[in-house]
J.: 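Got a structure here, written out as structure tokens. Questions coming.
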Amino acid sequence: MRLSVKAEEVATFYGRMLDHEYTTKEVFRKNFFNDWRKEMTAEEREVIKSLDKCDFTEIHRYFVDKAAARRVLTREEKQKLKEEAEKLQQEFGYCILDGHREKIGNFKTEPPGLFRGRGDHPKMGMLKRRVMPEDVVINCSRDSKIPKPPAGHQWKEVRSDNTVMWLAAWTESIQNSIKYVMLNPCSKLKGEKAWQKFETARRLRGFVDEIRSQYRADWKSQEMKTRQRAVALYFIDKLALRAGNEKEDGEAADTVGCCSLRVEHVQLHPEADGCQHVVEFDFPGKDSIRYYNRVPVEKPVYKNLQLFMKNKDPQDDLFDRLTTTSLNKHLHELMDGLTAKVFRTYNASVTLQEQLRALTRAEDSIAAKILSYNRANRAVAILCNHQRATSSTFEKSMQNLQTKIQVKKEQVAEARAELRKARAEHKAQGDGKSGSVLEKKRRLLEKLQEQLAWLSVQATDKEENKQVALSTSKLNYLDPRISIAWCKRFRVPVEKIYSKTQRERFAWALAMAGEDFEF
DNA sequence: GTCTGGACTTAGGATTGTGGTT
DNA sequence: AACCACAATCCTAAGTCCAGAC
């Protein structure tokens, strides 16, 4: 069936996703079909009444072929595409801020498509509309070269607000929230903000002992509200839980954080795993990532939880007298600039520093030091519950690595035998030629042993990292100055820890952290 | 207090780039 | 040159937190 242009475009959004799990989900299909029908002409709507009877395979094949065609382009053609993208980046990807040319993060508006909400999102599959110039607000100084809208179009508004960071904004059609064009993390402005964030977290170090003893005292408060706040704060501090703002139901997936925990998300065990007073957490957190943890807690916490759960239904709020606003208000009184999320930053960075101290040995090889670093990083990622899906190729690539290790082991054994032989020969002949052969064999063995060590480090790292995502903590929670100081102290090239973009993002830290930086 | 809109950070998955192997 | 695996980067959803209105 030949479709009208509008209906066809929306059909292609679905067709190109055909091999994605989304298209098997009832909610996705229902929302898509509903929005698709809105784009149809009256005649089309007459004919197309059931998604089950629509066949998108031709559309799907078109995109598969297109992707394949892209893959087989010649080197020159690929080079040309790259240059075109670079030209676009140069023209639109930068702005002038306070007289400096700064890289923009997202300089393109988001293309139209089908909304891909995470978890059980009630709006998945809905049509995300194309952004038109008429939707876009431009923010730049009055005396600057104001960007021109495309021919025949106008901006929604041009304003000059120097109290905000965004350069352009539009309202997105799914949640009616605002999307922004902002600077790249390598920009001076973003760098300063990150630095400020870590400085706030460092300041918490000076207050944390006092705060901890206070919330312990508050576990026995007369006021229910204070007790709830004190137990919640304990979780935020000890378990690095997120604040947990309330969400409008029906608008997003059902996920929770600390303050929004419900009775159904915790189970109390008087005794478990050989410990007393164990709390079992099981709830969907941000991005619907499961948080599952069994932790022994101090007795007053346990008793309080029993009290908070008494006479409540599973769906009731655990902390019914607590909101993120009231918690943060309390935190503000304890320290200037203190909010719930500062505890995550603080505990993440402190954990990294402690773990690095405990794990690194000066006499280790660079490879072993990097494994230690990754393990320290991993401790943080586990604390913050940063997960990733196990890649579909994990088992296979692990197997490949094991094979490589086996081959390398055999090579080492062989090299060792040859070295022995060369040594015997040199002893018998004692001339310069047999001496240089001996030296060569010795070097070969050394090199192979090094390679073997590196491979087995990789294998250990890989296995331990199967379901743990290190990048989120590395980019957002770990004060980069800790890592840089560690690199300097233990003579590890910083490129082994931070990629090029990461070094640009953390340029501010590279410039200021010496080897004795302490968080 | 409570609600809402706004601005910003944090997050995992998707896509792209790279370097080694076949 | 084609292919593959992994790392790096991009994308944008989903959080946090604040200010202002009532």
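Here is how names work: the chains are called A, B, and so on, in the same order as the sequence lines, proteins then strands, and each is numbered from 1. All values below come from the heavy atoms of this structure, side chains included, with hydrogens, waters and symmetry mates left out. These numbers were taken from a predicted model, which means no experiment stands behind them.
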J.: With a non-hydrogen cut-off below 4.0 angstrom, is A:A340 in contact with a base, only sugar-phosphate, or nothing?
T.: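 Counting heavy atoms under 4.0 Å across all strands, the contact made by A:A340 is with sugar-phosphate only.
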
J.: Counting any heavy atom closer than 4.0 Å, what does A:S326 reach on the DNA or RNA strands: base, sugar-phosphate only, or nothing?
T.: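 Here A:S326 touches no strand at all.
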
J.: Using a heavy-atom cut-off of 4.0 Å across all strands, would you classify A:A194 as base, sugar-phosphate, or nothing?
T.: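 Answer is nothing: A:A194 stays at 4.0 Å or more from every strand.
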
J.: A:N139 side chain to A:D161 main-chain N or O, any donor-acceptor pair under 3.5 Å?
T.: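 Side chain of A:N139 to backbone of A:D161, a donor-acceptor pair under 3.5 Å: yes, one is there.
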
J.: Where each residue is assigned the nucleotide of DNA chain C containing its nearest heavy atom, which of A:H121 and A:K500 is assigned the position nearer the 5′ end?
T.: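 The answer here is A:K500.
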
J.: Counting any heavy atom closer than 4.0 Å, what does A:R242 reach on the DNA or RNA strands: base, sugar-phosphate only, or nothing?
T.: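 If one applies the 4.0 Å heavy-atom cut-off, A:R242 turns out to touch the sugar-phosphate alone, with no base involved.
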
J.: Could you tell me whether A:K128 contacts a base, only the sugar-phosphate backbone, or nothing, with contacts defined as non-hydrogen atoms closer than 4.0 Å?
T.: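 Result for A:K128 = sugar-phosphate.
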
J.: Return yes if some donor-acceptor pair links the side-chain N/O of A:H100 with the main-chain N/O of A:E102 below 3.5 Å, else return no.
T.: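 Flag not set: sc A:H100 to bb A:E102 has no pair under 3.5 Å.
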
J.: For the side chain of A:H20, starting at C-beta, report the closest nucleotide among B:dA14, C:dC18, C:dA13.
T.: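 Comparing B:dA14, C:dC18, C:dA13 against the side chain of A:H20, the answer is B:dA14.
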
J.: Hey, which of A:W170, A:W166, A:F107 is the one that makes ring-ring contact (aromatic ring centres under 6.0 Å, His included) with A:Y180?
T.: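 Between A:Y180 and the candidates, ring-ring contact (aromatic ring centres under 6.0 Å, His included) is satisfied uniquely by A:W166.
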
J.: What's the verdict on side chain to side chain donor-acceptor pair (under 3.5 Å) for A:E246 and A:S260, showing C-alpha distance, side-chain angles and the deciding distance?
T.: CA-CA 6 Å; A:E246 259 149 294; A:S260 50; over 6 Å; no

J.: Contact class for A:R505 (heavy atom, under 4.0 Å): base, sugar-phosphate, or nothing?
T.: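 Touches nothing.
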
J.: Name the nucleic acid region contacted by A:R71, choosing base, sugar-phosphate or nothing; use a 4.0 angstrom heavy-atom cut-off, strictly under.
T.: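 It contacts nothing in the nucleic acid.
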
J.: Using a heavy-atom cut-off of under 4.0 Å over every strand shown, decide if A:Q387 touches base, sugar-phosphate, or nothing.
T.: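 Here A:Q387 touches the backbone only, sparing every base.
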
J.: Answer with base, sugar-phosphate or nothing: what part of the nucleic acid does A:G105 contact at a heavy-atom distance below 4.0 Å?
T.: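 Contact class for A:G105: none.
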
J.: What's A:D287 touching, base or sugar-phosphate or nothing? Going by heavy atoms closer than 4.0 Å.
T.: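 Sugar-phosphate, backbone atoms only, no base.
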
J.: Using a heavy-atom cut-off of 4.0 Å across all strands, would you classify A:I174 as base, sugar-phosphate, or nothing?
T.: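 Nothing, no nucleic acid heavy atom in range.
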
J.: Taking the side chain of A:N245 as its heavy atoms from C-beta onward, which of B:dC8, C:dG15, C:dT16 lies nearest to it?
T.: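 Side chain of A:N245 sits closest to C:dT16.
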
J.: Students often get this wrong, so: under 4.0 angstrom with heavy atoms, is A:K341 touching a base, only sugar-phosphate, or nothing?
T.: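 The residue A:K341 makes sugar-phosphate contact but no base contact.
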
J.: C:dG15 P sits how many Å from A:I289 CD1, rounded?
T.: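 The distance from CD1 of A:I289 to P of C:dG15 comes to 10 Å, rounded to the nearest Å.
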
J.: Between A:E83 and A:K87 (salt bridge meaning N to carboxylate O under 4.0 Å), is one present in this structure?
T.: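 No, A:E83 and A:K87 are not salt-bridged.
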
J.: Mapping A:E495 and A:E172 onto DNA chain C by nearest heavy atom, which one lands closer to the 5' end?
T.: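 Looking at DNA chain C, the more 5' nearest nucleotide goes with A:E495.
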
J.: Please work out if A:P111 contacts a base, only the sugar-phosphate, or nothing of the nucleic acid, heavy-atom cut-off 4.0 Å.
T.: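 It contacts sugar-phosphate atoms only.
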
J.: Within the structure shown, what part of the strands sits under 4.0 Å from A:G257 by heavy-atom distance: base, sugar-phosphate, or nothing?
T.: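 Nothing, no nucleic acid heavy atom in range.
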
